[in-house]
Structures are given as C-alpha cells and as structure tokens.
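Heads up: the structure comes next, in structure tokens.
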Amino acid sequence: MPELPEVEVVRAGLERHVVGRTITSVEVLHPRAVRGHEAGASDFVGRLLDATVTAVRRRGKYLWLDLGSSPEPAGAPEEGLLAHLGMSGQMLMRPPGTPNERHLRVRLGFADGGPELRFVDQRTFGGLTPVELVDVDGTRVPRPVAHIARDPMDPLFDPVAAARAIRRRRTGIKRALLDQTLVSGIGNIYADEALWRARLHGTRPTDRLTARQARETLDAATAVMAEALAAGGTSFDALYVDVNGESGYFERALDVYGREGEPCRRCGTPVIREPFMNRSSFSCPRCQPRPRAQR
DNA sequence: AGGGCAACCTGGGGGC
DNA sequence: TGCCCCCAGGTTGCCC
C-alpha cells in the first residue's frame with residue numbers, strides 16, 4: 001500500500017498518540033503479523049511489556065517506535081518495535097473495548113488506560129518486529145533497515161549521490177526508483193508520477209541517462225511525495241487511512257497512475273497501462289515514449 | 001554481482 | 001446468483 005507519504009502520515013499520528021506512554025498489554029491475534037520475530041509470539045509479547053515509547057521514526061516505508069525501559073535510561077535507545085505496513089497494513093488508535101476490526105492482528109494497550117494501538121492488516125504482507133537499533137552512517141536505525149537507503153525527506157538525503165547510484169545500475173529507471181537500496185520510500189504510484197513529470201518511460205536504461213535526467217527524476221519524485229504528504233496521503237479506499245481511520249484525498253491530483261484511457265494532462269493523449277513486474281505501469285505514450293530497442 | 005521473477009495473502013470487481 | 005479470473009500502493013528469496 002503505502003508509500004512514503006502514507007507512512008509519514010501514520011508516523012506523525014503515532015507520534016502524537018503514543019510517545020511517553022508505557023505498554024502494559026500485548027495481544028497477538030495472528031502469528032503471521034509477527035513472523036519476522038524468530039522467537040515467536042510469546043517472546044514478542046515479553047519484549048514489549050513495560051517498554052515506554054520514546055519516539056516514532058521512519059525511513060522510506062519502514063516505521064518504528066524507539067523503546068526505553070521505564071524509568072527512562074540515559075543514552076541512545078537500544079531497542080525498538082519495527083513496523084512495515086506491507087500492502088494493506090494500518091495503525092489505528094482505538095478506545096479499549098472497541099470491537100475487533102475484521103483483520104486485527106496485534107493490539108497494544110498502555111498503562112494510562114487510554115487508546116490502544118491496533119495493527120490491522122488484511123493481506124498480512126506487513127508485520128511488527130522487535131528490533132535492535134544500530135548506527136548506520138551516524139543515524140540510529142533498526143538492524144533490518146540498515147540496508148535501506150535514506151529517503152528524499154531525510155535531512156541527510158544526498159540527491160547527487162542517489163542520482164549517481166541510479167546511473168550506475170544497469171536496469172530501467174522505474175526499477176531503479178523502486179529499489180529501496182538506491183533511494184527509499186518510492187512505490188509504484190509515485191514512481192509513475194515522477195516519470196510522467198520527468199517525461200521518461202520507465203524502461204529507459206539508467207546507465208544512459210544524463211546526470212541531469214537522473215537528478216530531475218529524483219526531484220520529481222521528491223516533489224510529488226511532498227505534495228501528497230501535504231494533502232494527507234493518497235487513498236483510493238478505506239484501506240489507506242491515518243491513525244484515526246481518516247482517508248487522504250490526493251488521488252484527485254494523480255496525473256497518470258490509474259488513469260488508463262484518460263487524457264494526459266499535458267498533451268491530451270490517452271494514458272496507457274502496461275504490464276510491469278506482475279503489476280501495472282501508467283504513462284503518456286507521447287510525453288514518455290518507449291526507448292528504442294536495445295542495441 | 002546483480003537483475004528478474006514467483007511467492008507470500010485476502011478481498012473486491014468484472015465477465016461469463 | 002455463482003464462479004473464476006484478474007487486480008491491488010511491497011518485499012523477500014531464489015534462480016540465472
């Protein structure tokens with residue numbers, strides 16, 4: 001589901017609702033939601049009980065809670081609770097006693113008796129994992145996130161280095177944009193939107209892009225995600241919601257994604273849909289011509 | 001080494 | 001109505 005803007009909406013909501021609170025009850029309703037934790041569901045529960053949330057952070061599409069013991073120890077946090085929303089994950093704040101959501105997977109209750117944090121996930125591609133935090137290039141991140149590149153909203157994001165990394169790859173530009181180890185946070189929607197803005201077809205070979213083209217594509221991705229974030233995220237339906245269950249409304253502003261047959265907003269040519277890695281790519285065949293056959 | 005693809009799931013919608 | 005196929009915003013692991 002969610003790409004960077006949607007995950008950031010969730011992060012900001014969690015920050016408002018759980019920082020400073022101590023976890024005193026943990027219920028795992030579906031083992032698959034904690035499959036990333038090898039020690040299993042009961043160990044998962046034990047690791048979270050009595051932990052205090054000290055911060056809520058994000059890199060790309062990964063989200064995590066910094067956890068401290070209570071009372072607060074000195075120094076950098078050593079542990080966290082990592083969340084990935086997969087295709088359909090939601091983090092919802094709900095008053096205790098609220099009926100279980102159909103796809104409720106994990107429930108965290110707090111010492112103050114206030115709203116619970118519920119992880120709801122229809123397709124179960126997402127999950128929660130207790131993690132060790134490690135230093136990577138001067139930033140503390142969960143160990144499973146160590147290989148994920150900084151995202152464009154990161155103050156330390158280096159667009160020149162990211163453009164260079166993309167051009168070093170021998171692949172198509174869309175594949176490179178989706179590669180979370182080159183630049184993180186971009187998914188299928190924002191990749192298509194960025195390529196439309198940059199007037200590039202997704203199969204354009206990265207190693208034949210100019211530095212300027214690579215940079216402009218990254219800048220376009222950054223801009224479209226910033227706009228989506230300002231609008232509260234993109235949502236097509238009730239699956240994509242903030243911690244209060246409210247939908248964003250950015251879908252009206254998408255230029256190509258999901259607009260097969262509708263006129264390109266620049267030139268009026270009907271937008272086309274092409275198969276791509278078991279999913280879809282949308283583009284304007286005139287503004288974004290497919291590259292000539294490879295030599 | 002690095003690229004590309006199937007697999008992991010559930011549910012909604014369209015066609016027959 | 002029912003069934004079946006296709007589609008969905010992600011990531012991993014495995015094969016080449």
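Letters go in sequence order (proteins before strands), and every chain restarts at 1.
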A:Asn278 or A:Arg170: which one's nearest nucleotide on DNA chain B is closer to the 5' end?
A:Arg170
Looking only at the side chain of A:Arg169 (C-beta and beyond, no hydrogens), which of the listed nucleotides C:dT11, B:dC9, B:dG3 gets closest?
B:dG3
Quick one: do A:Arg197 and A:Glu216 make a salt bridge, cutoff under 4.0 Å?
no
Report yes if at least one side-chain N or O of A:Arg273 is closer than 4.0 Å to OP1 or OP2 of C:dC7; otherwise report no.
yes
Could you tell me if A:Arg59 sits above the aromatic ring of A:Trp64, with its cationic atom closer than 6.0 Å to the ring centre and no more than 45 degrees from the axis?
no
Check the phosphate of C:dG10 against A:Arg279, side-chain N and O only, distance under 4.0 Å to OP1 or OP2. Yes or no?
yes
Does A:Phe125 stack onto the base of C:dT11, taking stacking as ring centres under 5.5 Å apart and planes under 30° apart?
no
Roughly how many Å apart are C:dC3 and B:dC9, using the P atom of each and rounding to a whole number?
24 Å
Kindly point out which of B:dC9, B:dG11, B:dG4 is positioned nearest to the side chain of A:Gln122?
B:dG11
Check every strand shown and say whether A:Phe276 touches a base, only sugar-phosphate, or nothing at a heavy-atom separation below 4.0 Å.
nothing
Test item: side-chain donor near acceptor, A:Thr52 and A:Thr22, under 3.5 Å:
yes
Ignoring hydrogens and geometry beyond distance, is a side-chain donor-acceptor pair present between A:Arg150 and A:Thr139 at under 3.5 Å?
yes
